[in-house]
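The block underneath contains the structure these notes are about, expressed in structure tokens.
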Amino acid sequence: MTVRTRIAPSPTGDPHVGTAYIALFNQCFARQHGGQFILRIEDTDQARSTPESEQAILDSLRWLGLEWDEGPDVGGEYGPYRQSERRDEYRAYAEQLVESGHAFYCFRSPEELDAIRDARREQGLNPGIKGDLELPADEVRRRMDAGEPYVIRMKVPEEGVCEIEDMLRGTVTIDWTQIDCQILLKSDGMPTYHLANVVDDHRMGITHVIRGEEWINSAPKHRLLYDYFGWDMPTLCHMPLLRNEDGTKLSKRKNPTSIDLYERLGFMPEAVLNFLGRMGWSMPDERERFTLDEMQAEFDIHRVSLGGPVFDQAKLRWLNGLWIRETLTDEAFMDRVGDWWFSRDQLAPLVPHLKSRVETFSDIAPMASFMFSGMLDVRPEDFQHRKLEEETVRRILQFALWRLEAERHWSRDTVFADLKALAGAMGLKLGEFMFPIFVAVAGTPNSWSVVDSMGLLGPDVSRARLRHALNVLGGFSKKQAKKVEKEYAALETGE
RNA sequence: GUCCCGUUCGUCUAGUGGUUAGGACACUGCCCUUUCACGGCAGUAACAGGGGUUCGAGUCCCCUACGGGACGCCA
């Protein structure tokens with residue numbers, strides 16, 4: 001049997017280091033066994049999936065040096081590799097389960113579902129949707145004929161236990177009472193993760209599912225689906241979750257998680273991948289620096305340790321420095337730096353700003369240094385303004401950050417539109433409103449259009465600098481945060 | 001609230017019954033050096049706690065504590 005593994009990102013946001021982490025281990029496992037590594041796009045969430053995000057994820061994973069044998073961009077015999085293009089298939093499988101008595105149509109309203117959850121919680125049960133949900137056949141037919149929206153839910157045993165075999169943890173036992181009647185087909189006709197994942201993994205011949213630990217509790221649902229269909233279940237392996245410094249699951253609120261940010265800050269892809277390979281894993285000889293090829297050659301999934309590793313920026317920076325010093329010739333260094341940011345393509349958009357302002361070429365360095373930096377060394381006094389209270393400054397930064405975090409299409413124009421609307425909603429003059437944004441992003445109010453700068457710097461760096469500025473100013477206490485959040489919500493709806 | 005998973009220096013880890021518990025980042029000191037960085041050397045620092053099993057437990061078992069995760073028509 002040929003080993004086949006996969007990474008199945010959901011194109012709903014910025015390329016995440018966690019995705020790359022899981023992809024890395026899947027690729028290593030497949031290569032080590034002479035098998036194939038597949039990339040599949042799980043875009044069943046119609047509301048949140050975007051083509052831009054999909055492209056960004058593919059680009060980022062490829063930037064890191066990962067290579068999949070099959071995928072939406074490279075093709076393969078098991079396509080299509082985009083779940084939105086397989087939608088009819090899932091429906092057929094879901095209906096097959098209804099016919100075989102393993103699933104049923106469900107018409108419950110959100111209010112009814114909430115009531116079920118509350119009732120179960122009160123009884124000290126897991127609040128998942130479960131119990132007497134099925135309707136008589138004629139009632140189902142009547143409601144369907146009437147055009148009522150429905151979902152298909154899987155049936156789950158009321159008692160007994162489900163045993164899951166995990167490559168690293170051995171047998172995990174989960175009581176069936178903990179497992180809810182999972183929705184398989186949503187009312188929009190799209191499958192949920194659980195159905196689509198099982199169907200695709202089977203249809204694509206996936207033999208080993210290496211995924212994050214967050215999935216371990218839903219493994220019984222998957223086990224059950226494989227049984228209902230009469231399919232062999234792939235071997236499961238749940239990786240530890242990457243953590244923030246405080247031990248919680250890695251999140252962009254507390255850590256830079258976007259692969260693009262590391263690219264923009266001038267990390268070498270080899271170093272980032274190397275660092276991810278040191279998360280929960282080590283080489284047999286414990287060397288710190290190794291290439292993807294070396295990792296693949298020495299790979300052993302059983303060397304994964306289960307404690308959730310903290311994603312330590314300091315060590316990543318050290319490792320990147322090591323890569324620069326030890327692996328780059330002077331020629332390669334020049335090429336890398338040139339490609340990174342000082343290429344003609346990168347510089348071109350800056351020329352209009354620079355040419356009109358400099359008297360000598362040497363004026364460029366201090367003027368444009370913020371365009372080539374990571375976090376800026378800003379101080380609270382830099383944000384003092386003769387007309388703006390510090391409270392207002394903090395609100396401007398916070399609101400701008402929230403607004404820009406919600407922005408899906410990043411460009412000079414969208415950023416400008418966002419900020420202008422926000423300034424209007426806050427009743428501030430655009431010039432005053434922009435002051436703290438200038439300081440946060442450019443380090444000084446005396447620069448060219450900060451909106452242009454943000455367009456060029458990209459969402460990750462721009463947002464990170466706003467966040468940094470907010471921290472420098474002390475941020476908001478928990479109490480204040482609630483109030484400020486309310487104010488922001490009011491601004492948003494009031495427009 | 002219910003359940004699941006985890007727990008070696010601050011952090012990343014080595015360790016699969018017998019080790020002075022090793023390495024790396026960070027930190028501190030010294031050396032190199034016009035400075036800084038790099039490099040070299042040295043130092044501080046860990047088996048969560050309690051019970052077993054065993055001649056012997058970081059390693060095996062149980063309990064407790066702590067941490068994390070899941071409980072969505074998100075994945």
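Chain naming here is simple, since letters A, B, ... match the order of the sequence lines and numbering starts at 1 in each. Predicted model only: the values in this text are computed from it and were never measured.
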query = Within the structure shown, what part of the strands sits under 4.0 Å from Ser218(A) by heavy-atom distance: base, sugar-phosphate, or nothing?
reply = nothing

task = Check for a donor-acceptor pair, side chain of Trp231(A) on one end and backbone N or O of His202(A) on the other, with a separation under 3.5 Å.
result = no

key: Sugar-phosphate, base or nothing in reach of Thr177(A), heavy atoms under 4.0 Å   = nothing

task = Spell out yes or no: do the side chain of Lys315(A) and the base of rA26(B) have one donor N/O and one acceptor N/O closer than 3.5 Å?
result = no

note = Which of rU11(B), rC5(B), rU2(B) is nearest the side chain of Gln178(A)? It is rU2(B)

task = Determine the Euclidean distance between corresponding C1' atoms of rG52(B) and rA45(B); express it in Å to zero decimal places.
result = 31 Å

task = For rG58(B) versus rU16(B), give the span between their P atoms, rounded off to a whole number of Å.
result = 14 Å

message = Please classify the nucleic acid contact of Arg303(A) as base, sugar-phosphate, or nothing, using heavy-atom distances under 4.0 Å.
response = sugar-phosphate

Nearest listed nucleotide, side chain of Pro309(A), among rA14(B), rA75(B), rC12(B) = rC12(B)

Rounded distance (Å) that lies between atom P of rA75(B) and atom CD1 of Ile41(A) = 14 Å

message = Below the 4.0 Å mark, does rG72(B) have OP1 or OP2 next to a side-chain nitrogen or oxygen of Arg117(A)?
response = yes

task = Using a 4.0 Å heavy-atom cut-off across all strands, classify Ile183(A) as base, sugar-phosphate, or nothing.
result = base

ask   = In terms of side-chain heavy atoms of Arg278(A), which of rU13(B), rA75(B), rU11(B) is nearest?
value = rU13(B)

query = Any idea which of rU13(B), rC73(B), rA75(B) is nearest the Glu286(A) side chain?
reply = rU13(B)

request  = Output the single nucleotide from rG39(B), rC73(B), rC4(B) whose closest atom is nearest the side chain of Lys186(A).
outcome  = rC73(B)

query = So what does Ser282(A) touch, heavy atoms closer than 4.0 Å: a base, only the sugar-phosphate, or nothing?
reply = sugar-phosphate

task = Could you measure between the two P atoms, the one in rA65(B) and the one in rA57(B), and give it in whole Å?
result = 25 Å

inquiry  = Taking only the P atom of each, what is the distance from rG6(B) to rC38(B) in whole angstrom?
reply    = 39 Å

ask   = Expressed in whole Å, how much space separates the P atoms belonging to rA14(B) and rU7(B)?
value = 11 Å

task = For His194(A) and rA75(B), give me the distance from atom NE2 to atom P, rounded to whole Å.
result = 8 Å

request  = Using a cut-off of strictly less than 4.0 Å, decide whether Arg325(A) has a side-chain nitrogen or oxygen near OP1 or OP2 of rG39(B).
outcome  = yes

ask   = Does a sphere of radius 6.0 Å around CZ in Arg287(A) hold more than 12 heavy atoms from other residues, nucleotides or ligands, not counting ones at 6.0 Å or beyond?
value = yes

ask   = Got Thr44(A) and Thr192(A) here, is their nearest side-chain heavy-atom distance under 4.5 Å?
value = no

query = Has Thr44(A) got a side-chain N or O lying under 4.0 Å from the OP1 or OP2 atom of rA75(B)?
reply = yes

ask   = So what does Thr12(A) touch, heavy atoms closer than 4.0 Å: a base, only the sugar-phosphate, or nothing?
value = nothing

note = Taken to the nearest whole Å, CZ/Phe311(A) to P/rU13(B) is 12 Å

key: Selection from rA75(B), rA14(B), rG1(B) that lies nearest to any side-chain heavy atom of Pro127(A)   = rG1(B)

key: CG/Asp232(A): more than 12 non-hydrogen atoms of other groups inside 6.0 Å   = no

request  = In whole angstrom, give me the gap between the C1' atoms of rC73(B) and rG15(B).
outcome  = 48 Å

inquiry  = With rounding to the closest Å, how many angstrom separate the C1' atoms on rA70(B) and rC55(B)?
reply    = 45 Å

ask   = Should the pair Asp180(A)-Lys130(A) be classified as a salt bridge under the 4.0 Å nitrogen-to-oxygen rule?
value = no

ask   = Under a 4.0 Å N-O cut-off, is there an ion pair linking Arg278(A) with Glu286(A)?
value = no

query = Hey, what's the ring geometry for Phe267(A) with Tyr262(A), parallel, tilted or perpendicular (30° and 60° as the breaks)?
reply = perpendicular

5′-ward residue of the pair Ala314(A)/Asp175(A) relative to RNA chain B = Asp175(A)

query = Taking for each residue the nucleotide of RNA chain B with the nearest heavy atom, is it Arg169(A) or Leu125(A) whose nucleotide lies nearer the 5' end?
reply = Leu125(A)

inquiry  = If you only use heavy atoms from C-beta on, which nucleotide in rC73(B), rU2(B), rA75(B) is closest to the side chain of Ser10(A)?
reply    = rA75(B)

ask   = Between rG68(B), rC4(B), rC12(B), which nucleotide gets closest to the side-chain atoms of Met279(A)?
value = rC12(B)

ask   = For rA42(B), which nucleotide is its Watson-Crick or G-U wobble mate, given both distances must be under 3.5 Å?
value = rU28(B)

query = Between rC12(B), rG72(B), rC5(B), which one does the side chain of Val172(A) approach most closely?
reply = rC5(B)

query = Between rA75(B), rC5(B), rC71(B), which one does the side chain of Asn126(A) approach most closely?
reply = rC71(B)

query = Within the distance-only criterion (no hydrogens, no angle test), does the side chain of Arg40(A) pair as donor or acceptor with the backbone N or O of Tyr81(A) below 3.5 angstrom?
reply = no

key: Atom C1', compared across rC9(B) and rA26(B): separation rounded to whole Å   = 12 Å

